[in-house]
2 protein chains.
Amino acid sequence: MARKPADQSVNREEIIAAAADVLRYNGYDATTMKDIAAKVNLTAASLYHHFKSKDFLLLAVLEVGLDHAIAQIEPIVAAADKPAAQKLAEMITLHIVSVTDNTAVGAAMVFEIRALMNAKLPPRNGGQFGQEDYDEFIKRRDSFFARRAYFENLFKRTVQEGIVNGEFRPVDASIVTKTMLGAQNWVGVWFRPNGRLSGADIAHMMVDTFLHSLRVPQGLNMA
Amino acid sequence: MARKPADQSVNREEIIAAAADVLRYNGYDATTMKDIAAKVNLTAASLYHHFKSKDFLLLAVLEVGLDHAIAQIEPIVAAADKPAAQKLAEMITLHIVSVTDNTAVGAAMVFEIRALMNAKLPPRNGGQFGQEDYDEFIKRRDSFFARRAYFENLFKRTVQEGIVNGEFRPVDASIVTKTMLGAQNWVGVWFRPNGRLSGADIAHMMVDTFLHSLRVPQGLNMA
DNA sequence: GCAACAATTAAATATAGATTTAATTGTACC
DNA sequence: GGTACAATTAAATCTATATTTAATTGTTGC
């Protein structure tokens, strides 16, 4: 009946964080349960006390990463007073910095989506792994992708908002959104922590690029 | 002494094309040699007559994809007379269409790079696989990444060209290039052949986005 | 019609890694 | 000072696949 986790224990969060780091550098298939366990001074077997399978652990990492990204962006979209351009600038910045600073976000956005789609459960015989586990996995996986679409939609709505209120040129909001997110997610692929630019620097430039592209030219004769 | 390949035979090109298709949908790790072989009516064992290993086959696919992409872009950059803006428009268009139409290009640009980096040879014991094979693999892999950098550089040069000749605003050419390529490569992630837009449609919109962002505003008072 | 090699294959190997099992150890609460 | 469960583990399983082997079949040039 609801015991406090003992000191000896490594909790779920720590394992997820460790797994995110390892995944980020090696990718799902190249990452072994042993690698992840080693990061938190456990054996591979121990991980199964916390997660039903490697796939469930992956799922947990991606959920955490996506939740983090959404939590950053959501409040900005909600702000009723700010101009769309400013909202978008903040959203782009926060997203890029999330990707560069949080390995779980990078995994959720770019690297491990494929692995999640490929996951085929149940892994083996009819062992402990029951139909309920399978159903739960499918459900959470679908939910992950739905939330990912929601995340994209936050950007799209802001673009549309800007178009409607005349701040932005009329563009295909859907494609422009995918263009922006593609560029932003891609940062996770090439970014190196000790490179010339920080995540914030990069964000600054991308904001410039996309706002320039969207903004209705100021001070032009409207003849 | 140079015999014509027999009719019975399936050639290297066909296998590479088949492998690219399978890889594109399942990813390297989820793709088995059997899957690839099945696509060309062979058994897994047969593939080893044509390629030294699964990794070498992957490498071949990526090389073909990258070569294709470079072959499309290179001549445009070379054209001495065209304005940078027009060159860039053509380059973006050809690249996006390559990604949407050619599975090998998609693999080389986005999906299987990770797998190539992870490839650790030699796979097993000291069998047929010798040191020379290992060396060759490393060499070709490094060469692939160098050519990938070269590909990116073709875009970067064109951006710089436009800046120098006053067509484009002064921007960080390196980051703008990565922004564009990120957006373009990302098309490979979300594009669906029977979607609302064709590759060419998407290309058209992205060209608009990026040229708008780069171009020096026309008809402004230069006070 | 045979030598030589190309192309293919069925069947045998090998092995890495995920997962399971059965047992041990820690801790909280009574 | 024992009960109950949480956390952990060493060792045993279990399989899916890449790869190797050894043999077969096709083709060409002579």
Side-chain angles (χ1 to χ4, degrees), chain A residues 1-15 18-19 22-23 26-59 115 118-130 133-134 137, chain B residues 1-15 18-19 22-23 26-59 115 118-130 133-134 137:
Chain A
M1 36 202 72
R3 252 206 25 210
K4 218 185 329 178
D7 267 11
Q8 85 184 105
S9 74
V10 169
N11 65 55
R12 200 183 152 82
E13 317 301 313
E14 294 175 68
I15 296 175
V22 180
L23 282 173
N26 301 320
Y28 184 72
D29 292 284
T31 297
T32 71
M33 290 300 265
K34 204 175 159 190
D35 292 337
I36 296 170
K39 260 232 159 184
V40 287
N41 294 308
L42 288 180
T43 62
S46 309
L47 297 180
Y48 288 83
H49 182 67
H50 302 274
F51 298 92
K52 293 202 192 75
S53 73
K54 188 184 178 188
D55 287 319
F56 269 96
L57 175 49
L58 167 70
L59 185 52
N118 281 150
K120 31 179 176 278
L121 306 173
R124 313 283 158 181
N125 56 57
Q128 322 236 269
F129 227 95
D133 296 313
Y134 182 79
F137 185 85
Chain B
M1 37 205 71
R3 252 201 33 205
K4 220 185 328 176
D7 266 13
Q8 86 186 102
S9 74
V10 169
N11 65 55
R12 198 182 153 83
E13 316 301 313
E14 293 175 70
I15 296 176
V22 180
L23 282 174
N26 301 321
Y28 184 72
D29 292 284
T31 298
T32 70
M33 290 299 265
K34 202 176 162 189
D35 293 336
I36 297 169
K39 260 234 158 181
V40 287
N41 294 309
L42 288 179
T43 63
S46 308
L47 297 180
Y48 288 83
H49 183 68
H50 301 275
F51 298 91
K52 293 201 192 76
S53 74
K54 189 184 176 188
D55 287 320
F56 268 97
L57 174 50
L58 167 69
L59 185 53
N118 281 151
K120 31 178 174 278
L121 306 174
R124 312 284 159 181
N125 55 55
Q128 324 234 268
F129 227 95
D133 295 314
Y134 182 79
F137 185 84

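Throughout, protein chains are lettered first and strands after them, A, B, ... in sequence-line order, and every chain is numbered starting at 1. Since we're looking at a predicted model, the values are computed, not measured.
With sequence neighbours excluded, the residues that form a side chain to side chain donor-acceptor pair (under 3.5 Å) with A:Ser46 are A:Thr43. Under the side chain to side chain donor-acceptor pair (under 3.5 Å) criterion, A:Asp29 pairs with no residue at all, not counting sequence neighbours.
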**OP:** Could you check B:Phe51 against B:Arg12 for side chain to side chain contact (heavy atoms under 4.5 Å, CB included), going step by step and ending with a plain yes or no?
**Re:** CA-CA 8 Å; B:Phe51 298 91; B:Arg12 198 182 153 83; 3.4 Å; yes
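Proximity note for A:Ser53 (side chain, C-beta onward) versus D:dA18, C:dT19, D:dT19: the nearest is C:dT19. Comparing atom distances between the B:Ala45 side chain and each of D:dA18, C:dA10, C:dT19 picks out C:dA10 as nearest.
Taking atom NZ of A:Lys52 as the reference point, atom C1' of C:dA18 lies 17 Å away to the nearest angstrom. Atom pair B:Leu47:CG and D:dA18:C1' shows a separation of 11 Å (rounding to whole Å applied). For the pair B:Asp29 CG and D:dA16 P, the computed distance is 16 Å after rounding to whole Å. Rounded to whole Å, the distance from CG on A:Asp133 to P on C:dT20 is 10 Å. Taking atom CE on A:Met33 and atom P on D:dA10, their separation rounds to 16 Å, with Å as the unit. Taking atom CZ of B:Phe51 as the reference point, atom C1' of D:dT20 lies 19 Å away to the nearest angstrom. Look at CG on A:Asp55: it is 13 Å from C1' on C:dG17, rounded to the nearest Å. Taking atom OH on B:Tyr48 and atom C1' on D:dA22, their separation rounds to 17 Å, with Å as the unit.
Under 4.0 angstrom from either OP1 or OP2 of C:dT8 there lies no side-chain N or O belonging to B:His49. For C:dT8, one of the phosphate oxygens OP1 or OP2 lies less than 4.0 angstrom from a side-chain nitrogen or oxygen of B:His50.
Residue A:His50 holds its NE2 atom at 7.5 Å from CG of A:Leu47, rounded to the nearest 0.5 Å.
The side-chain tip of A:Lys54 points at the ring of A:Tyr28 from less than 6.0 angstrom away and within 45° of straight on.
The shortest heavy-atom contact between B:Gly27 and B:Thr31 is O-OG1, 2.7 Å. A:Tyr48 approaches A:Lys52 most closely through the heavy-atom pair CD2-O, 3.8 Å.
Sorted by residue number, the members of residues 35-43 of chain A with any non-hydrogen atom under 4.0 Å from DNA chain D read A:Asn41, A:Leu42, A:Thr43.
Where the helix from C:dG1-D:dC30 to C:dC30-D:dG1 starts and where it ends, the local axes point in directions that differ by 10°; five pairs per end, rounded to 10°.
Two residues are said to be in side-chain contact when any heavy atoms from C-beta on lie closer than 4.5 Å; B:Asp55 and B:Leu59 fail this criterion.
At a threshold of 4.0 angstrom between heavy atoms, the contacts of B:Ser46 include nucleobase atoms, whether or not backbone atoms are also involved.
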Can you list, pair by pair, the side-chain donor-acceptor contacts under 3.5 Å of residues 33-40 of chain A, counting residues two or more places apart and other chains?
residue	atom	partner	partner atom	Å
A:Asp35	OD1	A:Thr32	OG1	3.3
A:Asp35	OD2	A:Thr32	N	3.1
A:Asp35	OD2	A:Thr32	OG1	3.2

